[in-house]
Amino acid sequence: MEVACTLKLLQMDAVAYKRIKAELEAAGATLVAVSKTKPVEDIRALYDLGHRDFGENYVQELVSKQAQLPSDVRWHFIGHLQSNKAKMIVPFVHLIHGIDSIKLMDTIDKEGKKIGRIVQGLLQVHIANEETKFGFDLNEARQALSMHFLEGAHQHLHIRGLMGMASFTEDKEQVKREFLSLKQLFDEIHQLYPHKKDQFNFLSMGMSGDYPIALECGSNLVRVGSLLFGSRS
């Protein structure tokens, strides 16, 4: 009976995965399956369906899972990254979503230089009406990108776009306004640095509860966890 229930759950997850993936692909967006706190077996089940982009929030958990899973998994670090832990993921991480300070930009660049690897990342911009979320404000993000693109401050860090999290609220209009503010900055950067447009091409917005609004606002990188794996442990 227990085995049958497990198989049924996996089947339900597979159905949800295929539906969400098709929805995102139709909108030109990539699905990052947020696997934080989930066992390696759950990630492997999704991997066996052909999925390769997985997101983790905690450095130690990411390092452990990376060692146990195939090398072609594209690992996205989506949590708050402390500068003193950056060196643990720099050797293999595919994309760091939450670069939220000049100090962290400098650290990632330094660690990338040590091993001769260019690290891909996104600037996290604080768009929510919540103090608990991290990120540059809009003007700080503009300044950081000016330093990055015009001054060539980082040779081993490539900023590929922006990431933002909307407020945790039932007010869909507020969520939409916050996402649109990030999309406006994204478009502004393309106008300021047209020669970087093909490289600055990721807009990471939207999670399980608000990704349809994020897609409507132009997101092309969506982080979904609970809809695929169930509630977090």
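Quantities reported herein were computed from a predicted structural model and do not represent experimental measurements. What's counted below: heavy atoms across the whole structure, side chains too, no hydrogens, waters or symmetry copies.
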Give a yes or no on whether a salt bridge exists between Asp187 and Lys183, defined as a side-chain N under 4.0 angstrom from a carboxylate O.
yes

Run through Thr30, Leu215, Ile20 and flag the one making a side chain to side chain contact (heavy atoms under 4.5 Å, CB included) with Val222.
Leu215

Is there a side chain to side chain contact (heavy atoms under 4.5 Å, CB included) between Leu31 and Asp53 once you walk through the steps?
CA-CA 7 Å; Leu31 170 64; Asp53 292 280; over 6 Å; no

Flag, side chain of Gln199 to backbone of Lys196, donor-acceptor distance under 3.5 Å:
no

So do the side chains of Pro70 and Arg52 get within less than 4.5 Å of each other, counting heavy atoms only?
no

Please find the pair of heavy atoms, one from Tyr17 and one from Gly50, that lie closest to each other, and give the distance.
OH-C, 4.3 Å

Is a side-chain donor or acceptor of Arg117 paired with a backbone partner of Val90 at a separation under 3.5 angstrom?
yes

For the ring pair Phe77 and His97, is the centre-to-centre distance below 6.0 Å?
no

Determine whether Lys114 and Glu111 satisfy the following criterion, salt bridge (charged side-chain N to carboxylate O under 4.0 Å, His left out), listing intermediate values before the conclusion.
CA-CA 5 Å; Lys114 286 180 182 178; Glu111 296 299 333; 3.3 Å; yes

Same hydrophobic cluster for Ile102 and Leu123, using side-chain heavy-atom links shorter than 4.5 Å among ILVMFWY?
yes

Tell me whether Leu162 is reachable from Met207 by hopping between hydrophobic residues (I, L, V, M, F, W, Y) whose side-chain heavy atoms are closer than 4.5 Å.
no

Side chain to side chain contact (heavy atoms under 4.5 Å, CB included) test vs Gln174 passes for just one of Lys176, Glu170, Glu178, Lys172, namely Glu178

Test ring-ring contact (aromatic ring centres under 6.0 Å, His included) on Phe54 and His76; report intermediate values, then the result.
CA-CA 6 Å; Phe54 292 90; His76 298 246; 9.1 Å; no

In the structure I gave you, are the side-chain heavy atoms of Lys21 and His51 within less than 4.5 Å of one another anywhere?
yes

Output for pair (Asp210 CG, Glu216 CD), nearest 0.5 Å, gives 12.0 Å

Starting at NZ of Lys38, measure out to CG of Leu46 and round the result to the nearest 0.5 Å.
12.5 Å

Cluster overlap Leu180 with Phe136, hydrophobic side-chain contacts below 4.5 Å:
no

Derivation of the side chain to side chain contact (heavy atoms under 4.5 Å, CB included) call for Trp75 and Leu95
CA-CA 7 Å; Trp75 292 106; Leu95 189 66; over 6 Å; no

Checking Lys87 against Lys110 for the side chain to side chain contact (heavy atoms under 4.5 Å, CB included) test, could you report, in this order, the C-alpha distance in whole Å, the side-chain angles of both residues, the deciding distance, and whether it holds?
CA-CA 9 Å; Lys87 63 183 177 182; Lys110 180 180 70 175; over 6 Å; no

Determine yes or no for a side-chain-to-main-chain donor-acceptor pair under 3.5 angstrom, with Ser219 supplying the side chain and Leu203 the backbone.
yes

Presence of salt bridge, Glu61 and Lys65, under 4.0 angstrom
yes

Hey, what do you get for CG (Leu145) to CD1 (Ile189), rounding to the nearest 0.5 Å?
5.0 Å

In terms of relative ring orientation, are Phe134 and His80 parallel, tilted or perpendicular, with 30° and 60° separating the classes?
parallel

Could you tell me which non-hydrogen atom of Ala86 sits nearest to which non-hydrogen atom of Thr107, and how far apart they are?
CB-CG2, 4.1 Å

Starting at OG of Ser204, measure out to CZ of Phe186 and round the result to the nearest 0.5 Å.
11.0 Å

Short side-chain to backbone donor-acceptor contact, Asn201 and Asp198, under 3.5 Å:
yes

Of the non-hydrogen atoms in Gly164 and Phe179, which two are nearest, and what is the gap between them?
O-CE2, 4.2 Å

Can you tell if the side chain of Val125 reaches within under 4.5 Å of the side chain of Asp137, non-hydrogen atoms only?
no

Heavy-atom distance under 4.5 Å between the side chains of Met165 and Met205, does that happen here?
no

Could you list all the ring pair (Phe, Tyr, Trp, His ring centres under 6.0 Å) pairs where at least one residue sits in residues 143-164, not counting sequence neighbours?
His148-His154, Phe149-Tyr193, Phe149-Phe200

Going only through I, L, V, M, F, W and Y residues with side-chain contacts under 4.5 Å, is there a path from Ile96 to Leu157?
yes

Tell me the closest heavy-atom pair linking Ala214 and Gly206, and the distance in Å.
CB-CA, 3.5 Å

Passes side-chain hydrogen bond (donor to acceptor under 3.5 Å, both in side chains), Tyr47 versus Asp72? Steps please.
CA-CA 10 Å; Tyr47 177 92; Asp72 63 338; 2.7 Å; yes

Measuring from Glu56:CD to Leu62:CG, what's the distance to the nearest 0.5 Å?
6.0 Å

Would you check if Ile99 and Leu81 make a side-chain contact, meaning some heavy-atom pair closer than 4.5 Å?
no

For the pair Ser167 (side chain) and Asn129 (backbone), establish whether a donor and an acceptor sit closer than 3.5 Å, ignoring hydrogens and angles.
yes

Please find the pair of heavy atoms, one from Phe229 and one from Asp42, that lie closest to each other, and give the distance.
CE2-O, 3.7 Å

Check: Gly28 main-chain N/O paired with Asn220 side-chain donor or acceptor under 3.5 Å:
no

Here the gap from Met163 atom CE to Leu182 atom CG, rounded to the nearest 0.5 Å, amounts to 9.5 Å

Looking at every non-hydrogen atom in both residues, tell me the closest pair between Gln120 and His94 and how far apart they are.
CB-O, 3.5 Å

Evaluate the side chain to side chain contact (heavy atoms under 4.5 Å, CB included) criterion for residues Leu122 and Ile159: first the C-alpha distance (whole Å), next the side-chain angles of each, then the deciding distance (0.1 Å), finally the verdict.
CA-CA 5 Å; Leu122 309 177; Ile159 298 299; 5.9 Å; no

Taking side chain as C-beta onward, heavy atoms only, is Leu192 less than 4.5 Å from Glu188?
yes

Grouping I, L, V, M, F, W and Y whenever their side-chain heavy atoms are under 4.5 Å apart, do Ile89 and Val32 come out in a common cluster?
no

Going through the distances and angles, do Ser64 and Gln68 end up as a side-chain hydrogen bond (donor to acceptor under 3.5 Å, both in side chains)?
CA-CA 7 Å; Ser64 174; Gln68 299 176 66; 3.1 Å; yes

